[in-house]
Amino acid sequence: MLYQDMFKEKHDVEDIAGLIKSIGPTDINIMEVCGTHTMAIAQNGLKEILPNNIRLISGPGCPVCVTPAERIDDICSLSKYKNIIIATYGDMLRVPGTRREISLERSRMDGADVRIVYSSMDALKIAKENKNMQVVFLGVGFETTAPATAAAVLEAFEDNIDNFSVFSIHKLIGPAMRSLLDAKEVRIDGFLLPGHVAVIVGERGFEFLARDYHIPGVISGFEPVDIMDAVLMIAMQIARGSAEVENEYTRLVKKNGNIAAQKVIDEIFDTCDDLWRGLGMIKSSSLKLKRKYSKFDAALKFGIEYSFEQKPSACRCGDVLKGLIEPEGCNMFGRECTPDYPVGPCMVSSEGACAAAYKYM
């Protein structure tokens, strides 16, 4: 048996469900703020195993999904410039902008040089190999991917590369969670905390939940037993009236996180206010390059002026990301919007709540 298989045993999942049920009938809303958790919950049918008083709701933890349509418009406009290569993770290719026909995939069909990469270093390599072209890397993701982007910028700086830049739409999950709690649009009794982000920020990165909001949170791994264990730990906290940040994912997450990764983020980026799909403007929720590294900031380099007003849309991805509705609550779900012909990013992304619901529920 492989080590990770220990966290997939069906009888263990059922035993934990029994323990959760034994705690009591109190209705509990638990939000998972990681798209990988959302997909794992759907794939393993965990909502059906849990007792009826436990409700799992999706949150803004899919990096592709929270990217506002207006930024997709911006990067697609940039892709039409001459002598520009857009380097992007594959998930971003089909995400629509403010209109369904705007996407990097469509830009590529129209002749733009848009290339899929697996890392920021791949994008930097393309720049080094194509010195007559400007290479723009689409920096997307939370604290998990920001260190790799920062490392590429640092290498470009040290090697004095002048044809590489980053269109940064990196975001920070903590401010989004605060925004949800402050808005009080949806009742959240506890958080299933993202294991990937926690590897970087550590347990300390989520201590604000208990300290400022008296909300329990448990950092969880991504196997079925991990998730059920975390739900049990949250339910036990609520039953005894406590609010703590606990760590179920101890095999990878440490108290202080990855200090080296935190340092490279701090070296390259400042925080800034930015739009989130569905959540609007959130203060100090995103990352932009520091003045020292501004020659690698694509927005400055190409004179892109960000729009901070979200245009109305019939797509309800924003309400899904806030936990206000289930994916099936959107009138377009499964009809006008499918994985083959998506309207919103939650149906595009491999971590999207709508894609998970369409595929597994």
Side-chain angles (χ1 to χ4, degrees), residues 29-39 41-42 55-75 91-92 94-100 102-103 138 140-143 168-188 191-192 194 197 272-287 306-334 336-337 339 342-358:
N29 284 347
I30 298 174
M31 174 174 278
E32 81 267 4
V33 287
C34 176
T36 309
H37 278 149
T38 299
M39 192 58 74
I41 289 165
R55 178 171 175 247
L56 297 181
I57 52 179
S58 298
C62 163
V64 173
C65 304
V66 298
T67 300
E70 290 74 12
R71 298 292 173 271
I72 302 297
D73 286 2
D74 290 335
I75 193 69
D91 266 8
M92 295 301 294
R94 299 177 64 222
V95 178
T98 53
R99 301 197 311 275
R100 184 182 245 180
I102 299 175
S103 70
L138 183 51
V140 63
F142 295 106
E143 291 90 337
S168 178
I169 45 178
H170 281 295
K171 298 198 177 299
L172 304 172
I173 195 63
M177 295 169 70
R178 284 183 179 275
S179 175
L180 283 171
L181 292 169
D182 291 338
K184 299 179 180 176
E185 289 184 272
V186 60
R187 198 189 95 204
I188 302 170
F191 281 103
L192 193 68
V197 171
C272 62
D273 305 345
D274 201 6
L275 274 177
W276 290 58
R277 188 182 294 256
L279 278 69
M281 285 290 292
I282 303 179
K283 189 174 178 59
S284 301
S285 64
S286 296
L287 296 173
Y306 288 156
S307 166
F308 294 105
E309 292 186 11
Q310 287 192 311
K311 297 178 181 177
S313 169
C315 167
R316 297 190 67 187
C317 276
D319 289 338
V320 173
L321 294 169
K322 290 190 287 188
L324 293 176
I325 63 168
E326 300 285 341
E328 295 87 344
C330 176
N331 289 332
M332 306 182 86
F333 178 83
E336 294 95 333
C337 183
V343 176
C346 294
M347 189 61 90
V348 178
S349 173
S350 60
E351 297 182 1
C354 296
Y358 188 92

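In what follows, every heavy atom counts, from backbone to side chain, and hydrogens, waters and symmetry copies are set aside.
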About how many Å separate [atom2] of [Y] and [atom1] of [X], when rounded to the nearest 0.5 Å?
X	Y	atom1	atom2	value
Leu321	Ile57	CG	CD1	12.0 Å
Ile188	Met31	CD1	CE	4.0 Å
Met177	Ser179	CE	OG	11.5 Å
Arg178	Leu181	CZ	CG	9.0 Å
Cys317	Phe333	SG	CZ	10.5 Å
Asp74	Ile102	CG	CD1	10.0 Å

According to the side-chain hydrogen bond (donor to acceptor under 3.5 Å, both in side chains) rule, which pairs have a member within residues 58-67, sequence neighbours left out?
->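 For residues 58-67: Glu32-Ser58.
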Which atom of Val95 lies closest to which atom of Ile72, heavy atoms considered |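 Minimum heavy-atom contact is O-CG2, 3.4 Å.
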Apply side-chain contact (heavy atoms from CB on, under 4.5 Å) to the pair Ile282 and Lys171, showing each step before the final yes or no.
-> CA-CA 10 Å; Ile282 303 179; Lys171 298 198 177 299; over 6 Å; no
Criterion side-chain contact (heavy atoms from CB on, under 4.5 Å) on Leu275 and Tyr306, from CA distance to verdict = CA-CA 10 Å; Leu275 274 177; Tyr306 288 156; over 6 Å; no
Results of salt bridge (Lys or Arg N to Asp or Glu O under 4.0 Å) for [X] - residues two or more places apart only:
X	value
Asp91	none
Arg100	none
Arg277	none
Glu185	Lys322

Ignoring hydrogens and geometry, is there a side-chain-to-backbone donor-acceptor pair from [X] to [Y] under 3.5 Å?
X	Y	answer
Ser168	Leu287	yes
Arg94	Pro339	yes
Asp319	Ile325	no

Exceeds 12 heavy-atom contacts within 6.0 angstrom, atom CZ of Arg187 |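 Above 12, so yes.
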Quick one: list whatever passes side chain to side chain contact (heavy atoms under 4.5 Å, CB included) with Asn331, sequence neighbours left out.
->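 If we apply the side chain to side chain contact (heavy atoms under 4.5 Å, CB included) test to Asn331, skipping adjacent residues, the hits are Arg335.
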Under the side-chain contact (heavy atoms from CB on, under 4.5 Å) rule, what do Leu192 and Ile41 come out as? Steps first, then yes or no, please.
-> CA-CA 11 Å; Leu192 193 68; Ile41 289 165; 4.2 Å; yes
Walk me through it: do Thr38 and Glu351 pass the test side-chain contact (heavy atoms from CB on, under 4.5 Å)?
-> CA-CA 7 Å; Thr38 299; Glu351 297 182 1; over 6 Å; no
